[in-house]
Amino acid sequence: MLDHPQFTQLRKNLHQHPELSHQERQTAQRILEVFEKFAADEVHTQLGGHGVAFVFNGKQPGPSTLIRCELDALPIQEQNTFAHRSVTDGVSHKCGHDGHMAIITALGATLATRRPVSGRVILCFQPAEETGAGAIDMVNDAKFNALKPDYAFALHNYPGLKLGSVAVRAGTFNCASRGIIIKLKGKTSHAAHPEDGVSPATAMCQIIEQLNQLPQQLAAQGVKDKLWVTVIHARLGEVAFGTAPGEAVVMATLRSETNQAMDTLVEMTQAFSRHYAEQAGLEIEFSFADVFQASVNSQEGCDRVVEACRNTSTEFTLMEEPMRWSEDFGQFTAVARQGAMFALGAGVDTPQLHNPDYDFADQLIPIGHDLFLDLIKQINHFE
Ligand SMILES: [Zn+2]
Ligand SMILES: [Zn+2]
């Protein structure tokens, strides 16, 4: 039986000491210290940054099952005043990665006393999930070759869904997304003589308008995948009434159900932006930020999560549509044969992820632990 208070304590402690993506040194160290007494058969460190992984071997050969959680927190000032509030100004665990770590640590405690019969279980603490860089860095790390999984699973706590219930689906679970930065360069001039300069004002407006219309346009062209475009920022020239602008920047977040639809979104955006820039005699430059691939669940992975819910009497729903938010877990399911990510309800009336008043619901620790343990039991078996 899981000693719940011990892991709630760990969760609160991790919450108090958050670290940003790519800087999770102390958090990884803390996890290594806690795992020392679990005597894993292998410990891997510095995976794609501060990533750590613990391997628990079975006696007989069999599949490798990887269970993932995340080490990083967010650049958000905590609004909560409870005793375990973040001690670091401007940084806090607002995605519940502290809770996910507590769940996987609890799983480590169980595997310490109870090895699987066959294959092996890999408990994986991934760095830099929030920037979309951690999973791909981990998977591409040469040290990860020895850890290549056959099955990969992860959960994300999910405010808005009934506390302790599961939502899952086969196919895309999290959408692909990426930030696109469009820089336009013309030539400034005296505001009294705008005809001497090359202003990016019109092209900037045309690009924004076209971005807003893009999803409808692609749907009309027969693209079936769901997609969304949100213009998040734009800037034109400087605040100087004597100067006609010479530069502009437009930033937008592109989102789609599939990686293929993302390629189409990017190509289209670049094509019409180039067109408007050329028309106005402007130079144009594109760059990208926060690139996330779609996270895709296999049918077997989804079926096994459903089976785990049945075996642990956990309520579940099969989602009709993917989650719109992105997750870099898709990197793991892409290298594994099978796998799934699922949502674990954090309660209906609770602050949303990434909100300054959010906190992880500790009741989810034993539920998450039991669901993962059942997945391991299905694949690697226990005596
Ligand atoms: Zn997040
Ligand atoms: Zn998260």
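Positions are given from 1 along the sequence. From a predicted model like this one, the values you see are computed outputs, not experimental measurements. Remember, it's 1-based here, ligands and their atoms both numbered in the order they're listed. Hydrogens, waters and symmetry mates play no part in the numbers below; they use all other heavy atoms, side chains included.
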Degrees at the Zn ion (ligand 2) between the NE2 atom of His97 and the NE2 atom of His156, nearest 10°: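 Value, to the nearest 10 degrees: 120°.
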Any side-chain donor near an acceptor of the partner, Ser92 and Ser86, under 3.5 Å: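 The answer is no; no qualifying pair exists.
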Donor + acceptor pair across side chains of Tyr151, Glu300 (<3.5 Å):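 Side chains of Tyr151 and Glu300: pair found under 3.5 Å.
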Check: His156 ring centre within less than 6.0 Å of His97 ring centre: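 Here the rings of His97 and His156 have centres that are less than 6.0 Å from each other.
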N, O or S atom within His354 nearest to the Zn ion (ligand 1), by name: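 This turns out to be NE2.
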Considering only N, O or S atoms of Glu130, the one closest to the Zn ion (ligand 1):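 It is OE2, the N, O or S atom of Glu130 closest to the Zn ion (ligand 1).
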N, O or S atom of Cys95 closer to the Zn ion (ligand 2) than 2.8 Å: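 Cys95 does place an N, O or S atom closer than 2.8 Å to the Zn ion (ligand 2).
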Rounded distance [0.5 Å steps], CD in Gln126 versus NE2 in His100: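 The CD atom of Gln126 sits 12.0 Å away from the NE2 atom of His100.
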